[in-house]
Structures are given as structure tokens and as C-alpha cells.
Amino acid sequence: MLKKSAIIVVLILLADQILKIWIKTTFTLGQELPIFGNWFILHFTENPGMAFGMQFGGNVGKLALSILRIVAVALLVWYIWHLNKKKVKFGVIFSFSLILAGAIGNIIDSVFYGVIFSESTYYQTAVMFPPEGGYSSLLHGKVVDMLYFPIIDTVFPDWMPLIGGKPFRFFQPVFNIADSAVTIGIFYLILFERSFFKQSK
């Protein structure tokens, strides 16, 4: 099962990084490409902090978050190896493999992107391995996000108290394949592998 787990992680990482590098070197910040009408859009943004655009404590927080991610990945690798030894169902291994792949995908951005890319702006695309060096230092890179699903874009009715007349958009966050892998892995574990939690107890 470890071989299957490794294949899952590698495939997700390839898809995640290929899309991120293409977006980073082809799109300017804020540039959009509609894929499925206004329901699915590639929208280039960069996230200096956590998943779905959240931030955490400036440069010090960014460094702490990058280190925390690396430690979490090391623990996940050990835990998958431990689960394999216990011969748990493959569905459990599958879930944790998705979470691991997503964590590694965003770690690559945080650790290396600041060194290997020039700054993305609203006027020009980034360059990979620029002669003058990257836009930041090791462990201070920004995570590239691009998947945007504004399925509902409307305005609350005027008769609703407090929020009447205000715009409402669902789904607001912009994310990436790595974020998706983590989310799917967690939900799969909760919805389809509930027996795993009972066994763990």
C-alpha cells in the first residue's frame, strides 16, 4: 500500500506544481480565465499565509508556518508508514495520502517559490530563475492560488435585516489543487472511514 500511497502523492504534486508554475509564469496578478462560464474561473492570486487566503503574523508568522508545515509533513509520512504496518484499510491510507500531498504541495511554494521566481505584479508575469534572484528568501515564498468557483453571485434582498442589499458570493475563496487534496482527504476520512476512529480509540 505504500507504493500506491507514493503514486497518489506524486501524481497530485505533479498536477499541483505544473498548474502553479504555468499560472505564475503566464498570468499577471488578478488575471482571470473563464473555464466554465462564470461558475469556474482560473483567477491568479497569491497567498502569503495559510489555506484559502488566510494570513498569520507577518514574516515571523510566515516562517513559523513554513516550519510547522515541514514538521507536519514529517509526522504524516511517519503516520502513513505506521498505518501501513498496522494493515489498515486502503481508504484510510488514501485519505492521509491526499492530505500529505496537499501539505507538500503548499510547502514547495512556501519554501522555494520566493527564491526561484521574480515578483508577480498586476502588470507583468513572473520569471522563473531570474538573473537578479527571487522575490524573497527561503521559507518566505507565497502560495499560488487559482481555482475560483463563484457559483452564486447575487445580492441579499432589501427586506433582510442587517444584510439586505449587500452582495453575496458563494464560493468566495480562491484555492489550489493542494488545498483541494487536503480538504477531500479530510472529508473522505470523516464520511467513509468512520470505523477508523473507533479502532483508533
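Between Val111 and Ile70, some side-chain heavy-atom pair lies under the 4.5 Å cut-off.
Side-chain contacts under 4.5 Å among hydrophobic residues (ILVMFWY), followed directly or transitively, place Leu11 together with Ile7.
No more than 12 heavy atoms of other residues, nucleotides or ligands shown are found within 6.0 angstrom of CH2 on Trp39. Heavy-atom neighbours of Phe168 CZ from other residues, nucleotides or ligands within 6.0 Å: above the threshold of 12. By the neighbour-count criterion of 12 heavy atoms within 6.0 Å, atom CG of Asp153 is densely surrounded, having more than that number from other residues, nucleotides or ligands.
Not a single donor-acceptor pair under 3.5 Å links the side chain of Ser95 to the backbone N or O of Tyr188. Of the possible polar contacts, none joining the His82 side chain to the Ile80 backbone as a donor-acceptor pair under 3.5 Å is found. Between the Thr121 side chain and the Gln124 main chain, a donor and an acceptor come within less than 3.5 Å of each other.
Closest approach of Val143 to Ser110, counting heavy atoms only: CG2-OG, 3.7 Å.
If you take CD1 on Ile12 and OG on Ser97, they are separated by 8.0 Å, rounding to the nearest 0.5 Å. Put simply, CG on Leu189 and CD1 on Ile93 are 10.5 Å apart, with the number rounded to the nearest 0.5 Å. One finds the CZ atom of Phe156 at 11.0 Å from the CG atom of Leu162 (value rounded to the nearest 0.5 Å). Once rounded to the nearest 0.5 Å, the distance linking NZ of Lys89 with CG of Leu83 reads 13.0 Å.
Hydrophobic clustering of Ile, Leu, Val, Met, Phe, Trp and Tyr side chains at less than 4.5 Å, counting indirect connections, keeps Trp159 apart from Val155.
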**OP:** Give the C-alpha distance, both sets of side-chain angles, the deciding distance and a yes or no for side chain to side chain contact (heavy atoms under 4.5 Å, CB included) between Phe44 and Leu29.
**Re:** CA-CA 6 Å; Phe44 176 34; Leu29 272 178; 3.9 Å; yes
**OP:** Check the pair Ile108, Asp16 against side chain to side chain contact (heavy atoms under 4.5 Å, CB included), reporting the backbone distance first and the verdict last.
**Re:** CA-CA 10 Å; Ile108 292 172; Asp16 180 63; over 6 Å; no
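Within the structure, every pair that satisfies the salt bridge (charged side-chain N to carboxylate O under 4.0 Å, His left out) test and touches residues 92-119, not counting sequence neighbours, is listed here: Lys20-Asp109, Glu119-Lys142.
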